[in-house]
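This report concerns only the one structure given below.
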There are 2 protein chains.
Amino acid sequence: MTTIISGYVNQHHLRMTRDPGCTCEYCELRELFVDNLDGDELDIVCTGKVERDYVQGASIIKEGTQIREFSYLKSGLVKLLRTDTSGKEQIISIAKPMDYVSLLSVFSNQRYNYSVVALEDSVTCSLKMEEVRSLINDNGRLALNLLSKMSRMTDKLILDSLQIRVKHLRGRVAYLLLYFSEDVYSSDEFDLPLSRKEMAEYVGMTTENVIRTLSEFRKDGILKIYGKTIQIANMDSLKSIAEFG
Amino acid sequence: MTTIISGYVNQHHLRMTRDPGCTCEYCELRELFVDNLDGDELDIVCTGKVERDYVQGASIIKEGTQIREFSYLKSGLVKLLRTDTSGKEQIISIAKPMDYVSLLSVFSNQRYNYSVVALEDSVTCSLKMEEVRSLINDNGRLALNLLSKMSRMTDKLILDSLQIRVKHLRGRVAYLLLYFSEDVYSSDEFDLPLSRKEMAEYVGMTTENVIRTLSEFRKDGILKIYGKTIQIANMDSLKSIAEFG
DNA sequence: CAAACGATATGATAAATGTCATAACATGAC
DNA sequence: GTCATGTTATGACATTTATCATATCGTTTG
């Protein structure tokens, strides 16, 4: 579009499109979308990307809508969920920054078969699917890194799902609490980003039984509970329950 | 390795390595590994691929071993499984031809974190990982198709796992029977490739309760059971149970 | 052939989970 | 403030599932 007159102008042009407002050089996904790209490719990403802010509770993706973008989570926390035939919601997984939001379906289906909702204030960064396809087509290193990244993500997702599937209620709840403590907040004290109802939708049990289990953990001295704030008082017990109970 | 003397010799050389014994042109994976490759690339696949036969019950991949190959199932049926901390086996999923055996881990981990065992006499076809990486690196069309294929597979796997997670025993068993009937054998009468114990390992319940549930289905006129042979007598009921029960 | 073993099957009972009812509490709407 | 609403919480009870015991059947082993 812009006619290049000289090397200098070209450089200037590149700087203009990458800056200001293009913070791709400082993206957490450097390793994937920056380090693997040459100048022109990075330019496509920089000018093509769209960042969006979502407040807690906002809908990011609606099940059934067309897939036009490849998105990932820059900051915040989201849940992936489906609505079953009887209208009940089932939480498939929880994604934190660096987990791809567009994990499932993007490269296969035309439409999302799940929804995404912000559990905390969140920021996403999206590229048009055609652009991503084009980049992959032209850049083998990017393709390999993307395969590796997606493989790692789905691997974890599948094994987490298996863990929950084979455990009983206490084990499922303990597993979920440990996920927040270890993988998300890196602390033994944190604010639960899920309601008890959502926890139930995730572990596949009833809300009452999730509440009861939390109460049991409290009575057993494993947890201290102040509303949504959870403090893990006996980490060893919780881990033991998550693994065997 | 072979010095090329002339165009003719080169052609001859290619024919020799692709034929005889190279049936890649007739592979079920044409769409992926043949249609996307040019002559030289196809040559790499043809000469590099290794086919292996496994009898029913044979171990194909052992959890914890190094990943050196990218494999898929040409014929037969296999189960993917893990051994949990207490030594109990958990079946992650069942794979039929065209499902990638090397679905998980291949592009991320150094080692398999699951095992693969033949449920029926099976044939696998494998390529060295380095060769696959090299092909992907050089061929964007192959990369995109592989991403699409893997995306489709993991998508189904994750949603299947979710379905089983949220259902009760009757629903889980019904879902599994429908999988065999619809996805594997395309018939309402088939021989169960799993023992009752393996079915239990898959649905995450006890062997006794799987047996009991099958008996219930028989008493309710939904199934006819002759040992391992299952005939679905009331498909509508079974589907209804798989969906709601 | 008998013996040993695993898979299938069923019953009795204990434990886990779901369902229904009720209440306390916080929050936002008016 | 009052009201309505949703979340958290607990109890009573019904249902589902796990555990343990036992028996049959078929296959393998010697």
Side-chain angles (χ1 to χ4, degrees), chain A residues 55-57 79 84 86-91 117 119 164-177 191-220 223-231 241-242 244-245, chain B residues 55-57 79 84 86 88-91 117 119 164-177 191-220 222-231 241-242 244-245:
Chain A
V55 297
Q56 186 185 340
K79 63 175 175 178
D84 75 4
S86 63
K88 254 186 67 176
E89 291 190 349
Q90 306 160 337
I91 296 185
V117 171
L119 292 174
I164 289 177
R165 194 166 99 197
V166 298
K167 287 182 198 312
H168 288 183
L169 180 49
R170 285 168 62 90
R172 294 182 185 199
V173 173
Y175 194 82
L176 182 54
L177 292 174
D191 283 359
L192 270 177
L194 298 180
S195 68
R196 312 293 196 259
K197 180 159 171 281
E198 285 173 317
M199 289 180 69
E201 284 166 357
Y202 186 59
V203 302
M205 302 274 169
T206 59
T207 308
E208 295 96 318
N209 279 329
V210 168
I211 292 171
R212 250 185 276 270
T213 303
L214 288 173
S215 294
E216 277 176 35
F217 287 169
R218 176 172 47 71
K219 285 170 194 162
D220 294 347
L223 297 181
K224 291 186 178 172
I225 304 178
Y226 317 98
K228 286 214 178 297
T229 304
I230 298 282
Q231 189 191 334
I241 292 169
F244 304 107
Chain B
V55 297
Q56 185 185 342
K79 62 174 175 179
D84 74 5
S86 62
K88 254 186 68 176
E89 290 189 351
Q90 307 160 337
I91 296 185
V117 171
L119 292 174
I164 289 177
R165 194 166 100 196
V166 298
K167 287 180 198 310
H168 288 183
L169 181 48
R170 286 168 62 91
R172 294 183 185 199
V173 173
Y175 193 82
L176 181 54
L177 292 174
D191 283 0
L192 269 176
L194 298 180
S195 68
R196 310 295 196 260
K197 180 159 170 283
E198 285 172 317
M199 289 180 69
E201 285 166 356
Y202 186 59
V203 302
M205 303 273 170
T206 58
T207 308
E208 294 97 319
N209 280 329
V210 169
I211 292 171
R212 249 185 277 270
T213 304
L214 288 173
S215 294
E216 277 176 35
F217 287 168
R218 176 173 46 71
K219 285 169 193 161
D220 294 346
I222 297 169
L223 297 181
K224 291 185 179 173
I225 305 178
Y226 318 96
K228 286 214 178 298
T229 303
I230 298 284
Q231 189 192 333
I241 293 169
F244 305 106

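Bear in mind that the values here come from a model prediction, so they are computed numbers and not experimental data. Numbers restart at 1 for each chain; the letters A, B, ... are given by sequence-line order, proteins then strands.
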For DNA chain C, which nucleotides open and close the run of contacts to chain B, 5' to 3', at under 4.0 angstrom from a non-hydrogen atom?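 Listed 5' to 3', the contact boundaries are C/dT8 to C/dG18.
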
What contact category does A/R172 fall into here, base, sugar-phosphate, or nothing, at under 4.0 angstrom with non-hydrogen atoms?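 The residue A/R172 makes no contact with any strand.
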
Partner set under side-chain contact (heavy atoms from CB on, under 4.5 Å) for [X], not counting sequence neighbours:
X	value
B/V203	B/R172, B/L176, B/M205, B/V210
B/T207	B/R196, B/K197, B/A200, B/I211
A/Q231	A/E189, A/K224, A/Y226
B/K88	B/D84, B/S86

Side chains of B/Y202 and B/I164 in contact at under 4.5 Å (non-hydrogen atoms):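 They are in side-chain contact.
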
So, taking the atom named CD1 in B/I222 and the one named CG in B/L177, what distance separates them when rounded to the nearest 0.5 Å?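 It is 10.0 Å, given to the nearest 0.5 Å.
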
Interatomic spacing from OG in A/S215 to CG in A/N209 - rounded to 0.5 Å: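 Nearest 0.5 Å value for the OG-CG distance: 11.0 Å.
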
Pairs involving residues 202-218 of chain A, ordered by first then second residue, that meet salt bridge (Lys or Arg N to Asp or Glu O under 4.0 Å) (sequence neighbours left out):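 Qualifying pairs: A/R170-A/E216.
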
Distance, rounded to the nearest Å, where [X] contributes [atom1] and [N] contributes [atom2]:
X	N	atom1	atom2	value
B/E216	D/dT15	CD	P	14 Å
A/R196	D/dT10	CZ	P	10 Å
B/R170	D/dT16	CZ	P	8 Å

DNA chain C contacts among residues 204-213 of chain B, heavy-atom distance under 4.0 Å: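 Close to the strand are B/E208, B/I211, B/R212.
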
Contact under 4.0 Å: A/K228 side-chain N or O vs D/dT8 OP1/OP2: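 The answer is yes; a side-chain N or O of A/K228 sits under 4.0 Å from OP1 or OP2.
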
Which residues share a salt bridge (Lys or Arg N to Asp or Glu O under 4.0 Å) with A/K79, sequence neighbours left out: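 By the salt bridge (Lys or Arg N to Asp or Glu O under 4.0 Å) rule, A/K79 matches A/E198.
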
Salt bridge (Lys or Arg N to Asp or Glu O under 4.0 Å) with B/K228: which residues, sequence neighbours excluded?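 So B/K228 forms no salt bridge (Lys or Arg N to Asp or Glu O under 4.0 Å) with any residue.
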
End-to-end bend of the helix from C/dC1-D/dG30 to C/dC30-D/dG1 (five-pair axes, 10° rounding)?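 Computed from the C1' atoms at both ends, the axes differ by 40°.
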
Can you sort out the partners of A/D191 under side chain to side chain donor-acceptor pair (under 3.5 Å), two or more places apart, ordered by chain and number?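 Checked A/D191 against side chain to side chain donor-acceptor pair (under 3.5 Å); matches are A/T229.
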
